[in-house]
K.L.:
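My questions all concern the structure below.
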Amino acid sequence: MQGFEGAFEQVEFLLIAGIVLVLAYLALEHKEIVYAAFFFGFMASFVAGFFLLLEAPFIAGMQIAVYTGGISALIIFAVLLLPRAQDSSLETFASKRKRRIGLMVAAIVAALSGILALLFPWAESFDETFVIISNDLNELALWLWANNGIYVQMIALIMVTSLVGAIALLKMDKAEQIGSIRGDFGIEAEPTIEEDESPVDEEPPAEEPEEVDA
Amino acid sequence: MVPLSWYLILAFMLIGLGGYGMMVKRNLIRILIGAEIMGNGVNIALVAMSLYSPVFTFTGQGLIILVISVAAAHTALALVLMLMYNRRYDTVDLGQPIQKEEP
Amino acid sequence: MRLFLDFIPVLIWALLAVVLVVVMLLASWVLRPHVLQNSEKTSTYECGEEPIGPARISYPYNYFVYTVLFVVVDVMGAFLWLLSSSNILWSDATKYEVVWQVIVFMLIIMGGIGYVMKMLPQSFLNGEETLEAYRKAKAERKEEPHAAGGH
């Protein structure tokens with residue numbers, strides 16, 4: 001039974017690792033950026049399988065809740081808000097030679113750090129015979145909320161910071177909002193819309209020609 | 001049980017792949033996706049180390065909870081900055097010359 | 001009992017879902033009549049209306065704030081989920097120190113969300129500004145042929 005479990009775990013690891021690597025490569029290399037964002041979401045949900053293999057059920061749940069549900073939704077929504085980014089004919093891809101050089105540098109860095117990690121001095125102490133498995137959520141909650149409660153408040157402050165930063169950045173030039181709709185049925189707006197109320201007719205021809213054609 | 005080195009090799013492959021994306025790609029959103037892939041690799045390495053270490057504590061898992069929360073926050077801010085970049089320069093491509101600049 | 005062995009039913013269900021989808025797609029491909037495809041057949045169905053313009057227009061950026069709000073609530077829910085899956089709020093040893101942490105955490109997050117909801121109308125144009133900008137753009141559009149030479 002023990003041998004079967006071990007073999008099953010190794011087969012499962014190899015399966016999920018292959019899926020994750022292929023999906024990560026597709027998320028970087030797929031031509032359409034919408035598909036790339038979707039592949040990133042799938043990759044993030046398959047990474048949760050590793051956390052289940054590593055006896056961390058809450059981390060797996062949080063990975064699916066935050067990465068798959070939150071971050072990939074953020075990326076997909078940002079791609080939907082940027083139609084210029086969706087057009088793959090406008091995207092400049094790196095040349096073959098540059099891509100090969102980048103792949104080689106990344107492979108060298110990954111291999112060197114992997115060798116360093118495998119050769120590090122206390123590698124013998126990381127032996128699987130000593131592993132004590134505990135997936136007690138009570139202990140984790142005690143660690144996070146009771147012993148290190150200040151971290152939770154810091155996370156709350158960081159989330160509030162991101163919220164306030166988002167609203168402050170988006171509030172900066174609100175007059176350009178309807179300028180983002182272009183084409184036959186859209187309209188163009190002037191950046192200084194809230195300052196001038198009466199002189200509507202004088203200003204527009206000055207900045208007009210470069211705005212419409214862009 | 002799967003040896004620790006398998007997890008570490010996978011984590012470093014993910015980090016290398018994300019670094020390749022960050023080095024080669026020109027689109028800002030793809031660069032962000034590369035950074036997120038690197039973050040996933042780091043998360044796997046940290047959880048594996050915390051499970052296989054001789055004295056098991058919940059420090060690794062608690063740290064990962066904080067890291068995932070901070071990743072959500074910085075992704076949101078980075079995407080808002082990308083929207084502002086697109087509004088100002090009318091592109092999200094770092095390879096293209098800046099076309100439009102507003103005072 | 002290792003944890004991942006508890007999730008074998010999930011794996012079986014995932015395989016079943018994939019097989020079911022593939023079989024249904026294949027069956028519908030085999031069974032459906034292969035008729036000529038023209039632009040009338042492949043156009044988007046919009047409740048009988050004729051589709052106008054491209055689907056990929058750009059929406060106002062301000063709607064991104066709602067996604068950021070969702071992510072913040074998501075992370076808050078994850079932290080409270082950890083709390084609710086343990087008994088540290090009910091055991092006498094820890095409940096008096098944890099309840100203050102929870103109250104402060106909720107107050108900070110709810111304060112941030114309330115501030116953003118209060119500032120949200122300021123990031124959009126209000127009705128008068130929209131009308132004004134629309135009139136101005138319409139006047140510019142009318143002047144444009146004259147400026148370009150009237151063709």
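Labels below follow one simple rule: chain letters A, B, ... track the order of the sequence lines, proteins then strands, and each chain is numbered from 1.
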K.L.:
Sort out for me which of A:Thr161, A:Leu140, A:Ile155 touches chain B most, counting heavy-atom pairs under 4.5 Å.
P.N.:
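It is A:Leu140.
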
K.L.:
Looking at B:Arg30 and A:Ala27, what are the two nearest heavy atoms and their distance?
P.N.:
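Smallest interatomic distance, heavy atoms only, reads NH1-O, 3.8 Å.
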
K.L.:
Under a 4.5 Å heavy-atom cutoff, which of B:Asn27, B:Asn86, B:Ile9 has the most pairs with chain A?
P.N.:
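Top option by heavy-atom pairs under 4.5 Å: B:Asn27.
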
K.L.:
Could you tell me which portion of B:Leu46 (side chain, backbone, both or neither) has an atom closer than 4.5 angstrom to a non-hydrogen atom of chain A?
P.N.:
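For B:Leu46, neither part sits under 4.5 Å from chain A.
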
K.L.:
Find the one option among B:Met23, B:Met22, B:Glu36, B:Met82 whose heavy-atom pairs under 4.5 Å with chain A are most numerous.
P.N.:
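Most heavy-atom pairs under 4.5 Å with chain A: B:Glu36.
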
K.L.:
Determine the option with the most heavy-atom pairs under 4.5 angstrom with chain B, choosing from A:Glu12, A:Met43, A:Lys98.
P.N.:
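Sorted descending by pairs with chain B, the first entry is A:Met43.
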
K.L.:
Given a strict heavy-atom distance threshold of 4.5 Å, which part of A:Phe8 is in contact with chain B: side chain, backbone, both, or neither?
P.N.:
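When you check distances to chain B, no heavy atom of A:Phe8 falls under 4.5 Å.
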
K.L.:
Mind checking what makes side-chain contact (heavy atoms from CB on, under 4.5 Å) contact with B:Leu14, not counting sequence neighbours?
P.N.:
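B:Leu14 satisfies side-chain contact (heavy atoms from CB on, under 4.5 Å) with A:Val20, A:Leu21, A:Ala24, B:Ile37, B:Ile44 only.
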
K.L.:
Determine, stepwise, if the pair A:Leu82 / B:Ile29 fulfils side chain to side chain contact (heavy atoms under 4.5 Å, CB included).
P.N.:
CA-CA 10 Å; A:Leu82 297 171; B:Ile29 294 176; 4.0 Å; yes

K.L.:
Using a cut-off of under 4.5 Å for heavy-atom pairs, which of A:Ala36, A:Ser113, A:Ala107 has the most such pairs with chain B?
P.N.:
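Top option by heavy-atom pairs under 4.5 Å: A:Ser113.
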
K.L.:
As an exercise: rank B:Asn40, B:Leu32, B:Val80 by heavy-atom pairs under 4.5 Å with chain A and give me the winner.
P.N.:
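Sorted descending by pairs with chain A, the first entry is B:Asn40.
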
K.L.:
Only heavy atoms, only distances under 4.5 angstrom. Which residues in residues 68-77 of chain A are near chain B?
P.N.:
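Answer by number: A:Ile71, A:Leu74, A:Ile75.
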
K.L.:
Could you check if a side-chain atom of B:Asn43 sits within less than 4.5 angstrom of a side-chain atom of A:Val47, using non-hydrogen atoms only?
P.N.:
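Counting from C-beta outward, B:Asn43 and A:Val47 never come under 4.5 Å.
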
K.L.:
I'd like to check A:Leu170 versus B:Met84 (side-chain heavy atoms, cut-off strictly below 4.5 Å). Are they in contact?
P.N.:
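Yes; the side chains approach each other to less than 4.5 Å.
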
K.L.:
Report the distance from atom CG of A:Asn148 to atom CZ of B:Phe58, rounding to the nearest 0.5 Å.
P.N.:
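It is 13.0 Å, given to the nearest 0.5 Å.
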
K.L.:
Which atom names give the shortest non-hydrogen contact between A:Ser162 and B:Ala73, and what distance separates them?
P.N.:
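Looking at all heavy atoms of both residues, the shortest contact is CB-O, 3.8 Å.
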
K.L.:
Can you name the nearest heavy-atom pair linking B:Gly16 to A:Ala110, along with the distance?
P.N.:
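Residues B:Gly16 and A:Ala110, closest heavy atoms: CA-CB, 4.2 Å.
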
K.L.:
CG of A:Leu144 to OG1 of B:Thr59: how many Å apart, nearest 0.5 Å?
P.N.:
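The OG1 atom of B:Thr59 is 11.5 Å from CG of A:Leu144, to the nearest 0.5 Å.
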
K.L.:
Report yes if some heavy atom in the side chain of B:Ile65 is under 4.5 Å from a heavy atom in the side chain of A:Phe58; otherwise report no.
P.N.:
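SC-SC contact between B:Ile65 and A:Phe58 confirmed.
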
K.L.:
Does any part of the side chain of A:Gln63, heavy atoms only, come nearer than 4.5 Å to the side chain of B:Ile68, both counted from C-beta?
P.N.:
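A side-chain contact under 4.5 Å exists here.
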
K.L.:
If I measure from the heavy atoms of chain A, does B:Thr57 come under 4.5 Å with its side chain, its backbone, both, or neither?
P.N.:
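Neither part, no heavy atoms under 4.5 Å.
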
K.L.:
Kindly indicate whether the side chain of B:Val2, heavy atoms from C-beta on, has any atom under 4.5 Å from the side chain of A:Leu53.
P.N.:
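B:Val2 does not reach A:Leu53 side chain to side chain.
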
K.L.:
Search all heavy atoms of A:Met159 against all heavy atoms of B:Ser69 and return the closest pair with its distance.
P.N.:
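What the structure gives for the nearest pair is SD-O, 3.8 Å.
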
K.L.:
Taking NZ, NE, NH1 and NH2 as the nitrogens, is one of them in B:Lys25 or A:Glu29 under 4.0 Å from a carboxylate oxygen of the other?
P.N.:
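A:Glu29 and B:Lys25: salt-bridged.
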
K.L.:
With only heavy atoms counted, which part of B:Ala78 is less than 4.5 Å from chain A, the side chain, the backbone, both or neither?
P.N.:
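Neither part, no heavy atoms under 4.5 Å.
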
K.L.:
Let me confirm one number: the CD1-CD1 distance from A:Ile33 to B:Ile33, rounded to the nearest 0.5 Å.
P.N.:
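A:Ile33 CD1 to B:Ile33 CD1: 6.0 Å, rounded to 0.5 Å.
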
K.L.:
Would you call the rings of A:Phe13 and B:Trp6 parallel, tilted or perpendicular, taking 30° and 60° as the class edges?
P.N.:
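Tilted.
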
